[in-house]
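Predicted, not measured: the structure shown is a model, and the values here were computed from it. Counting starts at 1 for both ligands and their atoms, in listed order.
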Amino acid sequence: MEEQKDIYILGIESSCDDTSAAVLRNGVLLSNVTASQEVHKAYGGVVPELASRAHQQNVVPVVDQAIKRAGISKEQLSAVAFTRGPGLMGSLLVGVSFAKGFARALRIPLIDVNHLQGHVMAHFIKESEEDHSAPAFPFICLLVSGGNSQIIKVNAYNDMQVLGQTIDDAAGEAIDKCAKVLEWGYPGGPVIDKYARMGNPHAFTFAEPHIQGMDYSFSGFKTSFLYSLRKWIAEDPDFVEKNKYDLAASIEYTVVDILMKKLRMATKQTKIKRVAVAGGVSANNGLRNAFHEHAQRYGWDIYIPKFSYTTDNAAMIASVGTFKYKDKDFATMDLPAYSKVTFK
Ligand code: KG4
């Protein structure tokens with residue numbers, strides 16, 4: 001019998017403000033290197049033009065480091081997987097162009113990856129050969145990030161059905177906007193998380209949406225928060241400083257409550273009790289605790305990613321790349337990047 005060759009996939013992620021490269025061997029993580037861009041902090045959000053320039057500076061050293069830390073030579077790579085979209089067009093183009101050039105130079109296949117599919121498939125990155133912690137198909141995945149809030153039924157790595165999604169803001173976007181008006185910096189998610197641990201989640205109540213089905217909406221909550229805050233500050237200019245922990249805990253509680261309600265609906269309707277969470281907001285402790293409570297109360301099997309796989313990273317791109325490589329699902333050299341998509 002012919003001996004099975006090891007599959008080494010280089011993943012490249014450059015959809016927003018993190019330049020990341022990773023190497024997986026048969027799905028097992030060998031390296032995951034990320035250069036975050038500090039340049040945006042001064043602007044309260046990602047500046048696309050600055051992001052693409054920073055990617056250009058970072059991509060070569062980041063890929064070089066990822067290959068070195070993996071302890072392999074570039075000639076051992078089986079394929080190059082890259083984020084094709086969705087994301088910022090200029091940022092994506094840096095990763096897409098680099099991946100194409102690198103794959104061509106090495107004469108190995110090129111694999112395009114949907115960034116959102118990558119977040120979901122972060123659960124399949126193995127820490128060792130013996131790691132069998134990935135959820136079995138089908139499972140439900142709550143994908144929550146700065147740009148997306150979706151409930152996805154994952155039938156297979158390449159068969160994902162969106163059951164519900166936000167009709168306006170994403171959960172992370174809503175949290176970031178609250179933090180912005182509170183002048184807690186950007187992105188505000190980690191600050192809200194930190195303060196929330198010291199506050200009372202029931203100190204303040206904000207409006208929750210009444211949307212049919214499994215779709216989300218966060219704009220009503222955001223407006224209700226803003227109006228309440230304006231009133232409180234008019235009554236007491238030091239209101240925010242005096243109540244910062246309770247404010248953070250109440251914001252976090254409301255967002256988590258909105259997210260979990262629809263997720264319960266999804267598990268009821270599909271009768272699937274394997275429930276995963278993915279994306280930047282899955283780093284949030286309130287959301288993680290809610291998952292643990294639901295596991296206890298409703299008998300869910302829960303899948304919560306390691307912190308390093310919650311935000312944008314190339315290991316998740318290489319994870320999808322490994323699946324696609326096995327199916328020989330390769331990209332052509334003329335494939336363009338895309339800024340907006342759902343799932344293909
Ligand atoms: O997936 P991600 O890294 O990329 C984008 O979609 O941009 O998600 C970033 C989002 C931001 O909104 C950020 O505030 C949020 O994830 N986030 C958090 C936490 N860490 C990151 N939100 C709440 N609690 C956290 N600990």
Side-chain angles (χ1 to χ4, degrees), residues 13-20 32 34-37 40-41 43-48 51 55 83 85-88 91-92 95 113-123 141-150 152 165-166 168-182 184-199 201 216 218 221-222 245 247-260 276-291 304-317 339-342:
E13 156 64 34
S14 72
S15 64
C16 189
D17 59 343
D18 291 312
T19 321
S20 183
N32 188 25
T34 302
S36 301
Q37 303 177 0
H40 309 288
K41 284 223 159 81
Y43 301 94
V46 177
V47 184
H55 282 303
T83 303
L88 300 171
S91 294
L92 287 164
V113 176
N114 176 320
H115 178 80
L116 304 179
Q117 188 186 14
H119 271 303
V120 176
M121 296 305 288
H123 289 281
C141 186
L142 173 69
L143 174 55
V144 269
S145 68
N148 295 279
S149 299
Q150 297 184 327
I152 302 158
Q165 59 191 325
T166 184
D168 40 58
D169 286 357
E173 195 179 355
I175 291 176
D176 289 344
K177 283 180 182 165
C178 290
K180 196 171 178 179
V181 294
L182 290 162
W184 290 348
Y186 175 87
V191 183
I192 299 245
D193 193 348
K194 194 171 102 188
Y195 288 173
R197 282 184 239 176
M198 293 171 273
Y216 286 119
F218 288 97
F221 150 71
K222 202 180 62 185
Y245 300 135
L247 278 168
S250 302
I251 292 167
E252 183 182 278
Y253 175 84
T254 313
V255 172
V256 171
D257 197 44
I258 295 171
L259 291 172
M260 297 311 286
V277 61
V281 183
S282 68
N284 181 265
N285 283 283
L287 183 58
R288 287 173 170 242
N289 291 341
F291 261 70
I304 299 177
K306 265 179 64 174
F307 281 107
S308 49
Y309 303 145
T310 58
T311 46
D312 292 347
N313 66 88
M316 68 187 198
I317 303 305
S339 59
K340 275 194 172 134
V341 274
T342 53

Check whether any side-chain heavy atom of Met121 sits under 4.5 Å from a side-chain heavy atom of Ile317, and report yes or no.
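Sidechains of Ile317 and Met121: no contact.
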Using a 4.5 Å cut-off on heavy atoms from C-beta on, say whether the side chain of Glu13 contacts that of Thr34.
no
Reference residue Ser282; test side-chain contact (heavy atoms from CB on, under 4.5 Å); the match among Ile304, Leu142, Thr311, Val277
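By the side-chain contact (heavy atoms from CB on, under 4.5 Å) criterion, Ser282 pairs with just one of Ile304, Leu142, Thr311, Val277: Val277.
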Does [X], backbone or side chain, put an N or O under 3.5 Å from an N or O of ligand 1?
X: Ser145; answer: yes
X: Gly279; answer: no
X: Glu173; answer: no

Around atom 12 (O) of ligand 1, find the nearest protein heavy atom and jot down its residue, atom name and distance.
Asp176 OD2, 2.6 Å
Identity and separation of the nearest protein heavy atom to atom 5 (C) of ligand 1
Gly146 N, 3.5 Å
Examine ligand 1 and decide if any of its atoms is less than 4.0 Å from a heavy atom belonging to Glu252.
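Judged by the 4.0 Å heavy-atom criterion, Glu252 does not count as contacting ligand 1.
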Can a non-hydrogen atom of Ile192 be found less than 4.0 Å from any atom of ligand 1?
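False for this residue.
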CA sep, side-chain torsions, deciding dist, call: Ile251, Leu182, side chain to side chain contact (heavy atoms under 4.5 Å, CB included):
CA-CA 12 Å; Ile251 292 167; Leu182 290 162; 3.9 Å; yes
As a check for students: among Gly147, Gly280, Cys16, identify the option with a heavy atom nearest to atom 16 (O) of ligand 1.
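Shortest heavy-atom distance from atom 16 (O) of ligand 1: Gly280.
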Need the ligand 1 atom indices (1-based, order shown) with element for anything under 4.0 Å from a heavy-atom of Asp193.
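Answer for ligand 1: 24 (N), 25 (C), 26 (N).
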